[in-house]
Protein chains: 2
Amino acid sequence: MEQYDASKYEKPSVAVDLLVFTIEDRRLKLLMIEREEEPFCGMPALPGVFVRMDETLDETAERGIAEETGLSGIYFEQLYTFGDIHRDPRMRIISVAYMALVPVEKLAYKAGERVRTAYLEDVEDLLAGDKEIAFDHRKIIEYARWRLANKVEYTDIAFHLVGKLFTLPELQIVYEVLLGKELYKANFRKKMADLIEETEYMTSGEAHRPSRLYRRKES
Amino acid sequence: MEQYDASKYEKPSVAVDLLVFTIEDRRLKLLMIEREEEPFCGMPALPGVFVRMDETLDETAERGIAEETGLSGIYFEQLYTFGDIHRDPRMRIISVAYMALVPVEKLAYKAGERVRTAYLEDVEDLLAGDKEIAFDHRKIIEYARWRLANKVEYTDIAFHLVGKLFTLPELQIVYEVLLGKELYKANFRKKMADLIEETEYMTSGEAHRPSRLYRRKES
DNA sequence: TCTAGTTAGTATATTATTACTACTAACTTC
DNA sequence: GAAGTTAGTAGTAATAATATACTAACTAGA
């Protein structure tokens, strides 16, 4: 990096692309926008924002999430950086992808305030077949999908997809959707035991046995 | 990303920082350079290269690895992108960190041809205490160290730190160094059994029982 | 008010993995 | 040929993962 005056050379633009995931009706959903201009006009795309000179990448991601969902303080993490030369046919744009996880209740609540018309797309449907997706966003989504399935096994990310209080069947559905396979109830409960604590509350009103509400344990 | 003409705005520079890891004498080592100018003159730093407009990020990483080690075709993967505003005090530089793994024999072999005077630093020593490291490179190294320990548990990356033929004690040392803990020989061998295949070759010349050489299984 | 339908939750057996000890094998050096 | 050293194997106890079968508690509708 020495002997190199960066100001002399042409620079790429840097953007942040956002993958806001949620779970609704036992399905993994992703916040997408429909492109309203060329290239890829009319096709689904990930929402994105350019990185400003006065903000860090994390700040750019936070700003983007706020612009798309009206939400702040939700969980997000950097995913991967995509830098193919012609990934945007207009110019060189390097994109840092960020993934956010949000319980669907929060998203629905803010739906009216969204800046652009973003909508939830079923991820498996979106990736099935060879439906067209703008830019290299299919690759980005596939990578995120893989990462989610992977990380759910060795981290606690699943908890970001449920509210403060949740039932164990609800949490199990999150795990099952992310992993893409069914789990054994008894085993699942054993494994969660250390991570959660009982509350006094129960669900009610459904045509079956009520379910206890839990919260995540601090420690 | 619509309604935004990126060419109007100031852009950050984008660089690739390289973490070339190897294992030598049962220790994890990292290829570092000594900075020869301000800022951080005299301090250890990660080698890095700027991203050119005509190359992808992966190509930049490959070029950088070749410049530092004279090697091509070695294993590498993108690690994380660091984008704090003043991480380089001179100007805004967003850095995409890449991690490469190479058996120490390969590195030693090419030592004479290196473009810059890079040297191997013991990672635990480097991170111990509060030794000064240039830029935000301590944070980058700590993250890579964590990722290595993590990934060795659920991937095959360890194999990239041994040659084509290797003994099981040698492979076990790689696992132990990356995990930072000792393993039980018998269990380790059972777990590796599916991943490797025997060769007819044995080590020789050492003052103890010779060790069989294995190779990685294709399937 | 009783029964069917439905989901919540528990008990327990089986299998696989991990943790650990103890040994035997094969080389070099002195 | 004995001592030192590392390679490699056998086997066992403790723990965790996998799997099945059951009981519990609600609503809806007859």
Side-chain angles (χ1 to χ4, degrees), chain A residues 23-27 149-156 158-159 162-163 165-217, chain B residues 23-27 104 149-150 152-156 158-159 162-163 165-217:
Chain A
I23 287 180
E24 188 181 45
D25 303 333
R26 292 168 179 258
R27 304 282 290 179
N150 195 254
K151 274 200 105 167
V152 74
E153 300 208 67
Y154 66 94
T155 72
D156 300 345
F159 286 92
V162 296
L165 296 184
F166 50 85
T167 68
L168 281 174
E170 188 190 349
L171 186 62
Q172 186 172 343
I173 286 168
V174 172
Y175 272 83
E176 289 178 338
V177 167
L178 295 185
L179 289 168
K181 68 176 181 189
E182 296 200 340
L183 300 176
Y184 293 98
K185 194 165 37 168
N187 301 339
F188 178 75
R189 281 156 187 263
K190 263 185 244 163
K191 211 156 53 183
M192 289 301 117
D194 295 338
L195 305 176
I196 60 178
E197 54 192 16
E198 265 189 24
T199 70
E200 54 186 317
Y201 309 110
M202 307 286 287
T203 59
S204 65
E206 288 159 304
H208 53 78
R209 177 173 172 174
S211 187
R212 183 171 294 280
L213 288 165
Y214 291 80
R215 72 166 70 87
R216 201 171 164 183
K217 208 188 276 180
Chain B
I23 287 180
E24 188 181 44
D25 303 333
R26 293 168 180 257
R27 303 282 291 179
V104 72
N150 195 254
V152 74
E153 300 209 68
Y154 65 94
T155 72
D156 299 347
F159 286 91
V162 296
L165 296 183
F166 50 84
T167 68
L168 280 174
E170 188 188 350
L171 186 62
Q172 186 172 343
I173 286 167
V174 171
Y175 273 83
E176 290 178 339
V177 168
L178 295 185
L179 289 168
K181 68 175 182 191
E182 297 200 340
L183 299 175
Y184 292 98
K185 195 162 42 164
N187 297 344
F188 178 75
R189 280 156 187 264
K190 264 183 240 160
K191 211 156 55 184
M192 289 299 117
D194 295 338
L195 305 175
I196 60 177
E197 54 191 16
E198 266 189 22
T199 70
E200 53 184 318
Y201 308 110
M202 307 286 285
T203 59
S204 64
E206 288 159 305
H208 54 78
R209 177 172 173 174
S211 186
R212 184 171 294 282
L213 288 165
Y214 292 80
R215 71 166 68 88
R216 201 172 164 182
K217 209 187 275 179

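Quantities reported herein were computed from a predicted structural model and do not represent experimental measurements. Every chain is numbered from 1 and lettered A, B, ... according to where its sequence line falls, protein lines coming before strand lines.
- B:F188 has its CZ atom 16 Å from the C1' atom of D:dT9, to the nearest Å.
- Of all the heavy atoms in B:Y175 and B:T155, the pair that sits closest is OH-O, 4.3 Å.
- Summarising the geometry, the separation between CD on B:Q172 and P on D:dT9 is reported as 13 Å, rounded to the nearest angstrom.
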Using a 4.0 Å heavy-atom cut-off to protein, can you give one letter per nucleotide of nucleotides 23-30 of chain D, 5' to 3': B if the base is in contact, S if only the sugar-phosphate is, - if neither? -BBBS---
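- One finds the CG atom of B:L168 at 6.5 Å from the CZ atom of B:F188 (value rounded to the nearest 0.5 Å).
- One atom, CZ of A:R189, and another, C1' of D:dA19, lie 16 Å apart when rounded to the nearest Å.
- Put simply, the side chain of A:R212 gets close to the backbone of A:T199: a donor and an acceptor are under 3.5 Å apart.
- Comparing B:K185 and A:K185, the nucleotide of DNA chain C nearest to each residue sits closer to the 5' end for A:K185.
- A distance-only check finds a donor-acceptor pair linking the side chain of B:Q172 to the backbone of B:L183 [under 3.5 Å].
- Regarding A:L183, its CG atom lies at a distance of 16 Å from the C1' atom of C:dA8, rounded to whole Å.
- Spacing between atom OH of A:Y184 and atom P of C:dA13 amounts to 18 Å, rounded to whole angstrom units.
- Rounded to the nearest 0.5 Å, atoms CG (A:L165) and OG1 (A:T203) are 11.5 Å apart.
- Rounded to whole angstrom, the span from the CD atom of A:E170 across to the C1' atom of C:dG9 amounts to 16 Å.
- Sequence order on DNA chain D of the closest nucleotides to A:A186 and B:L213 puts B:L213 first from the 5' end.
- To the nearest angstrom, C1' of D:dA7 lies 17 Å from CE of B:M192.
- Note that the CG atom of B:L178 and the CD atom of B:E176 stand 10.5 Å from one another [nearest 0.5 Å].
- Nearest-nucleotide assignment on DNA chain D puts the 5′-proximal partner with B:S211, out of A:K190 and B:S211.
- To the nearest 0.5 angstrom, B:K185 atom NZ is 13.5 Å from B:K190 atom NZ.
- Not a single donor-acceptor pair, N or O on each side, falls under 3.5 Å between the base of D:dA17 and the side chain of A:N187.
- When rounded to the nearest whole Å, the span between CZ of B:F166 and P of D:dG8 equals 12 Å.
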